[in-house]
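Heavy-atom basis, side chains included; hydrogens, waters and symmetry copies ignored. None of the values given here were measured: they were computed from a predicted structure. All chains are named by letter (A, B, ...) in the order of the sequence lines, taking the proteins before the strands, and each is independently numbered beginning at 1.
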2 protein chains.
Amino acid sequence: MSKDKPVENETGAIGTNFMHGLAIDAVIFGFHDHQLKVLLMRYNKTGVVALPGGFIHKIENLNDAANRIVSERTGLQDIYLEQFYVFGDYGRSDPQPMKDILTANGIEHDDDHWLLQRFISIGYYALVDFTKVVPKPDTIFDSCAWYDLTGVPQLMQDHNSIIQKALESLRNDLDNKLIAFNLMQEEFTLGDLQILYETILDKKLLRPAFQRKILGLGILERVAKKWTGGAHKAPYLYRFSKPFL
Amino acid sequence: MSKDKPVENETGAIGTNFMHGLAIDAVIFGFHDHQLKVLLMRYNKTGVVALPGGFIHKIENLNDAANRIVSERTGLQDIYLEQFYVFGDYGRSDPQPMKDILTANGIEHDDDHWLLQRFISIGYYALVDFTKVVPKPDTIFDSCAWYDLTGVPQLMQDHNSIIQKALESLRNDLDNKLIAFNLMQEEFTLGDLQILYETILDKKLLRPAFQRKILGLGILERVAKKWTGGAHKAPYLYRFSKPFL
DNA sequence: TATTATTGTAACATTATGTTACAATAAGGC
DNA sequence: GCCTTATTGTAACATAATGTTACAATAATA
């Protein structure tokens, strides 16, 4: 089919064997301590904060690239990913932050280096189990950490609006696609799940209706033991039933 | 911002001032005679049929490009467009049909011409008033015509699955986004509208429930005159009320 | 003028969702 | 140990949305 051979994983340097003008930006959602979190990259020298992202190898499927990119930042496999929008306005990229970073990394570049040209960004959102993630910086950004969704700082380029759009998509998908559990640990109480829903949708839900609806889906199974620790009746623990996963 | 000047509309030839590796494919839906239709391009010499598509100027917004592309094929302005998915598998493009077309158009090319390389395609669907469209071929395909959705032939590359995905998106959006009227003429009966819904969703709906729901949305207004022509009670004509449009 | 097909809408049935209420109970304080 | 507290599981009822049946109204045709 092609004369090219598969490219090795280019973790040590900014490779050149990528499609130009195209990038993937990932909004990686986690949930912890009653808060939605996003994983963000920071270039400490200039303080630039950005979404984790990456490029597409010339012989790599788009979804595979998204998987690889999120995998590299989280250390996880089999990640729930949803492609939600393409950000393609001319002028959305300010080349200056990238220029600074290239300079700081000692990478030779003139003004028409492909990394400084216009990019069209394909937005993916990922839902991960916060407790399982081991954030890893990349070659460009020297830190990688969780931020409360409500406390996201000013980001590079249009990344703030990418997060906004990802959140909207997540809200829409929540009822249709039954994906919230990707943000939970294996076992949880209905109360936990309700708090997650309330946090994502940013509104209070009535407990009886929520429980009836969720249990009515028939995708949860009770675990033998109950949760204990609170000064009140112990709630059941649930997990998602095997045939559903 | 940039030294480049805006590019003239390149209708006479396949220009070079486009982003490489990126394309837009448009699924243009119409509705006529109780059938959903899609506008398709055909290269008569080899019989290749494909979705209308195009490229993105280096200084053009993505949505503007989609608008331009659909505008050029339909002759319409202010088109309802929805970006629905990006098709980015490696190996989705078979370069041969394009090679034949370039040759037939007398365009010099070797095997690594950018038009023969891998493309990532951004899928848009458009909803248009069938009766208003004047299909126009482009420089590559010498015919442009409506096809019944149920009678779409084998298309170039993965265009059949692009149509499939567009249809799924349209079905999902139908209830949420209230967009069906983009496929109707200005005035129509509730019966017409119901047939459209039934055709899109591919299932029968019960008339009283459908009418109650649609009228309950409060976005229709009755037109003074009624429709006549059938040997039965004349139905009211409706149009979408101004404040809604 | 009767027939036919289809419309507009009422009425009722069923299901889904919103809301109130209350007994059950794990942990902590006394 | 026993009472208090907070929260759970679930029943019961209220309201809203949707599914279904029924029927009078009427434009064209014979």
(message) Can you list, in residue-number order, the parts of residues 190-212 of chain A that come under 4.0 Å of DNA chain C, counting heavy atoms only?
(response) A:L206, A:P208, A:A209, A:R212

(message) Salt bridge or not between B:R239 and B:E221? Use side-chain N to carboxylate O under 4.0 Å.
(response) yes

With a 3.5 Å cut-off and sequence neighbours excluded, list the donor-acceptor pairs that the side chains of residues 76-83 of chain B form with protein atoms.
residue : atom : partner : partner atom : Å
B:Y80   : OH   : B:E82   : OE1          : 2.4
B:E82   : OE2  : B:K177  : NZ           : 2.9

(request) Let me know the distance between CD1 of B:I214 and P of D:dT18, rounded to the nearest Å. (result) 11 Å

(message) Can you work out whether A:A234 or B:A234 has the more 5'-proximal nearest nucleotide on DNA chain D?
(response) A:A234

(request) Sequence neighbours left out, what passes ring-ring contact (aromatic ring centres under 6.0 Å, His included) with A:H232? Give chain and number order. (result) none

(message) Going by ring-ring contact (aromatic ring centres under 6.0 Å, His included), name the residues that satisfy it together with B:F210, two or more places apart in sequence or in a different chain.
(response) B:Y197

(message) Please identify the 5'-most and 3'-most nucleotides of DNA chain C with any atom under 4.0 angstrom from a heavy atom of chain B.
(response) C:dT4 to C:dA10

(request) Would you please name every residue forming a ring-ring contact (aromatic ring centres under 6.0 Å, His included) with B:Y85, sequence neighbours left out? (result) B:F87

(request) For B:P153, check side-chain contact (heavy atoms from CB on, under 4.5 Å) against everything at least two apart and list the hits. (result) B:L40, B:V49, B:Y147, B:L155

(request) List in chain and number order the residues that pass ring-ring contact (aromatic ring centres under 6.0 Å, His included) with A:F188, two or more places apart in sequence or in another chain; answer none if no residue qualifies. (result) A:F240

(request) Can you sort out the partners of B:K213 under salt bridge (charged side-chain N to carboxylate O under 4.0 Å, His left out), two or more places apart, ordered by chain and number? (result) B:D175

Might you list the N or O atoms of the protein lying below 3.5 Å from N or O atoms in nucleotides 4-6 of chain D, with each pair's distance?
residue : atom : partner : partner atom : Å
D:dT5   : O2   : A:A231  : O            : 3.2

(request) Under the salt bridge (charged side-chain N to carboxylate O under 4.0 Å, His left out) rule, collect the residues that match up with B:E186, sequence neighbours excluded. (result) B:K132

(message) Which residues pass the salt bridge (charged side-chain N to carboxylate O under 4.0 Å, His left out) test with A:D148, not counting sequence neighbours?
(response) A:K37

